[in-house]
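Residue numbers start from 1 in every chain, and the chains themselves are labelled A, B, ... in the order their sequence lines are given, proteins ahead of strands.
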There are 2 protein chains.
Amino acid sequence: MAKARAAPLRTCPVAAFQKMISGKYKLRIVWDLKDGPRRYGEIRSGLLRGTAGSSEITPRVLSRELKALTESGLIDRKDFGEVPPKVEYRLTRKGKSFVPVVAAIREWGERHLGEPAALADAAE
Amino acid sequence: MAKARAAPLRTCPVAAFQKMISGKYKLRIVWDLKDGPRRYGEIRSGLLRGTAGSSEITPRVLSRELKALTESGLIDRKDFGEVPPKVEYRLTRKGKSFVPVVAAIREWGERHLGEPAALADAAE
DNA sequence: CAGCATCCTGCGTGATACTG
DNA sequence: CAGTATCACGCAGGATGCTG
């Protein structure tokens, strides 16, 4: 490996990761897509389940996230002809390779965040 | 699948995770602390290496992150008496259990983000 | 159905200055 | 040394309304 390179220039992987998944829905979108391609509306619906049934996610935001994920190379957009509009999103190879990471995150989260229990959670 | 618990109420683990590590430095602080306790100044210095030698992290921000991590139960603050002020931060059990997750993130990041290479990285 | 255009707001982040 | 206080700003993210 001879990583040797004492040049830690560039954003470190962690920072890059943070940037890549910045946004509330990106991780969940990726997770949702792990089961196969999904349409825009399906993703949107899927995002509503699991969280507090708070406000619906706005198209503007979802669109943004989707686009960002596409540009990050995690997902791929497939536009079927037209009328009526049908667009599917699916994980790219890169995206699929990322799934285990999300899985690790979820697993840890379920174990340590699912039951805040006796911890100081005065935040809310 | 016996998913059993049909109660996805509450923020899903992913969202909770996102919230917990929101902030540019939290993940890196945790990572930095994996090697043992560190003092405030050391953490600060450590944060400067690895990223572009951009601006120095402001005390306000670092303080905030540290406090948030403490309240999340990931790290622990140990204040040695006083004069001259000496404070050490160290990972809690919970924090240590989180390290592997960060490791997974870093590993993935190094593999897929370290060398954007031929991908569309027009962003910057 | 799958978006885009415009407006508005909160908060995360940085700069600067001060303290025990 | 290890913070806190105050000011300021950019941008993520929600609300609405429109379109191909």
Starting from P on C:dC1, measure out to OH on A:Tyr40 and report it in whole angstrom. 12 Å
Salt bridge flag under 4.0 Å for residues B:Glu65 and B:Lys24: no
Can you name the ring-ring contact (aromatic ring centres under 6.0 Å, His included) partners of B:Trp31, sequence neighbours left out? none
Quick one: does B:Lys94's side chain have a donor or acceptor within less than 3.5 Å of a partner on B:Ser72's backbone? yes
Spell out, as yes or no, whether a donor-acceptor pair under 3.5 Å connects the side chain of A:Arg44 to the backbone of A:Ile57. yes
Worked check of salt bridge (Lys or Arg N to Asp or Glu O under 4.0 Å) between B:Lys67 and B:Glu71: CA-CA 6 Å; B:Lys67 195 171 295 182; B:Glu71 288 173 1; over 6 Å; no
Per-nucleotide protein contact string for nucleotides 11-20 of chain C (B base, S sugar-phosphate only, - none; heavy atom under 4.0 Å): -SBBBB---B
The criterion is side-chain hydrogen bond (donor to acceptor under 3.5 Å, both in side chains); which residues satisfy it with A:Ser22, sequence neighbours excluded? none
Taking any atom closer than 4.0 angstrom to a non-hydrogen atom of chain A, what span of DNA chain D does the protein reach, first nucleotide to last? D:dA12 to D:dG20
Verify, without hydrogens or angle tests, whether A:Thr92 (side chain) and A:Leu74 (backbone) share a donor-acceptor contact under 3.5 angstrom. yes
Length of the CD-P vector between A:Glu88 and C:dG3, whole Å: 12 Å
Apply side-chain contact (heavy atoms from CB on, under 4.5 Å) to B:Ile75 and B:Phe98, showing your working. CA-CA 11 Å; B:Ile75 67 174; B:Phe98 187 61; over 6 Å; no
Check whether any side-chain N or O of A:Lys67 sits under 4.0 Å from OP1 or OP2 of C:dC4, and answer yes or no. yes
Test item: B:Glu42 side-chain N/O and B:Arg39 main-chain N/O as donor-acceptor pair under 3.5 Å: yes
Using atom types as modelled, flag every donor-acceptor pair under 3.5 Å from a side chain in residues 77-90 of chain B to any protein atom, sequence neighbours excluded.
| unit_1 | atom_1 | unit_2 | atom_2 | d |
| --- | --- | --- | --- | --- |
| B:Arg77 | NH2 | B:Asp79 | OD2 | 2.9 |

Take the C1' atoms of the five end pairs on each side of the helix from C:dC1-D:dG20 to C:dG20-D:dC1, get both axes, and report the angle to 10 degrees. 50°
Can you find a side chain N or O atom of A:Tyr89 that sits less than 4.0 Å from OP1 or OP2 on C:dG3? yes
Atom CD of A:Glu82 to atom C1' of C:dC1: distance rounded to whole Å? 13 Å
Test item: B:Gln18 side-chain N/O and A:Gly23 main-chain N/O as donor-acceptor pair under 3.5 Å: yes
